[in-house]
Asks: 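Quick one: structure below, then a few questions.
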Amino acid sequence: MKRRFGLVVVMLLLVGCGDASTSKVKESVSPKTFKVAIDNSVHEASGEFNNYKVVVYTNGEVDDKPSQSSKAIYGKINGKNTASLLTINSNYSDGDVFKVKVYKDGKLVGESNEKVLTGDTLEFSSIEI
């Protein structure tokens, strides 16, 4: 009886193992991971705007090294243009996804839709709070 149980356990372990390329469950469960973007001097890409803290998030990856230039992130918050408030490291690539989040007293009060970077500027969707 013990032998048969051990054989079943081994078979289950072998069947359950596999790489991510063959596992459909892993693909559908894996969410996009966003983290705070960095600017060209390797600081958090954020700023103050009309008593709100505005932070840029991305799924992109760059080295923690300063870049020679920056890329602009702009849009409207409560109908007012942020102009050149937000910049990101120029080493982010076309195809990286960004979103902007707005905080008041440490609490999230609004966020933009996800936008794909193409070129040197990215306009985020209007945020109404």
Asks: Keeping to residues at least two apart or across chains, list the side-chain hydrogen bond (donor to acceptor under 3.5 Å, both in side chains) pairs with something in residues 102-113.
Replies: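 Matches after skipping sequence neighbours: Y57-Y103, K99-E111.
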Asks: Hey, which of V54, L85, V109 is the one that makes side chain to side chain contact (heavy atoms under 4.5 Å, CB included) with I77?
Replies: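 For I77, the side chain to side chain contact (heavy atoms under 4.5 Å, CB included) check succeeds only for V54.
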Asks: Should K35 and E44 count as an ion pair when the cut-off is N to O under 4.0 Å?
Replies: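 Between E44 and K35 there is no salt bridge, as every charged N stays at least 4.0 Å from the carboxylate O atoms.
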Asks: Nearest 0.5 Å please: distance from the CG atom of L122 over to the CD1 atom of I88.
Replies: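 Reported to 0.5 Å precision, the distance equals 7.0 Å.
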Asks: Going by an N to O cut-off under 4.0 Å, is there a salt bridge joining K76 and E123?
Replies: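 Looking at E123 together with K76, the answer is no, because their closest N to O distance does not fall below 4.0 Å.
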Asks: Quick one, V116 and V97 - any side-chain contact, counting heavy atoms below 4.5 Å?
Replies: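 They are in side-chain contact.
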Asks: Between NZ of K115 and OG1 of T58, what distance do you get to the nearest 0.5 Å?
Replies: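 If I round to the nearest 0.5 Å, the distance is 14.5 Å.
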Asks: Measuring from S69:OG to D120:CG, what's the distance to the nearest 0.5 Å?
Replies: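 Separation between the atoms: 7.0 Å.
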Asks: Has D94 got more than 12 heavy atoms of other residues, nucleotides or ligands less than 6.0 Å from its CG?
Replies: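 For D94, atom CG is crowded (more than 12 foreign heavy atoms under 6.0 Å).
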Asks: Checking side chain to side chain contact (heavy atoms under 4.5 Å, CB included) between N91 and each of S67, P66, S70, which is the one that passes?
Replies: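 Only one option passes, and that is S67.
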Asks: Could you go step by step and tell me if T87 and I73 meet the side-chain contact (heavy atoms from CB on, under 4.5 Å) rule?
Replies: CA-CA 6 Å; T87 60; I73 306 283; over 6 Å; no
Asks: Side chains of L86 and F124: closer than 4.5 Å at any heavy-atom pair?
Replies: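 The answer is yes, as the side chains (C-beta and beyond) meet within the 4.5 Å cut-off.
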Asks: Would N78 and E128 satisfy side-chain contact (heavy atoms from CB on, under 4.5 Å), going step by step from the backbone distance to the final call?
Replies: CA-CA 5 Å; N78 291 334; E128 293 296 325; 3.7 Å; yes
Asks: Any sub-3.5 Å donor-acceptor pair from N89's side-chain atoms to K65's backbone N or O?
Replies: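 Looks like yes, one N/O pair under 3.5 Å.
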Asks: Linking I/L/V/M/F/W/Y whenever their side-chain heavy atoms sit closer than 4.5 Å, directly or via other members, would V62 and V56 fall into one cluster?
Replies: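 Yes, it is one cluster - the side chains of V62 and V56 are joined through contacts under 4.5 Å.
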Asks: Kindly state whether the ring of Y92 and the ring of F98 have centres lying under 6.0 angstrom apart.
Replies: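 Judged by ring-centre distance (under 6.0 Å), Y92 and F98 do meet the cut-off.
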Asks: Are V100 and V55 close enough that some pair of their side-chain heavy atoms sits under 4.5 Å apart?
Replies: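 A side-chain contact is absent here, since even the closest heavy-atom pair is not under 4.5 Å.
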Asks: Do you reckon F49 sits in the same ILVMFWY cluster as I127, going by side-chain contacts under 4.5 Å, direct or chained?
Replies: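 As far as the 4.5 Å side-chain criterion goes, I127 and F49 are connected within one cluster.
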Asks: Is it the case that over 12 heavy atoms from other parts of the model lie below 6.0 angstrom from the CD atom of Q68?
Replies: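 Count not over threshold, so no.
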Asks: To the closest 0.5 Å, what do you measure between NZ (K80) and CG (N50)?
Replies: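 Here the interatomic distance stands at 4.5 Å.
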Asks: If you round to the nearest 0.5 Å, how far is CG of D96 from NZ of K71?
Replies: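 It is 8.0 Å, given to the nearest 0.5 Å.
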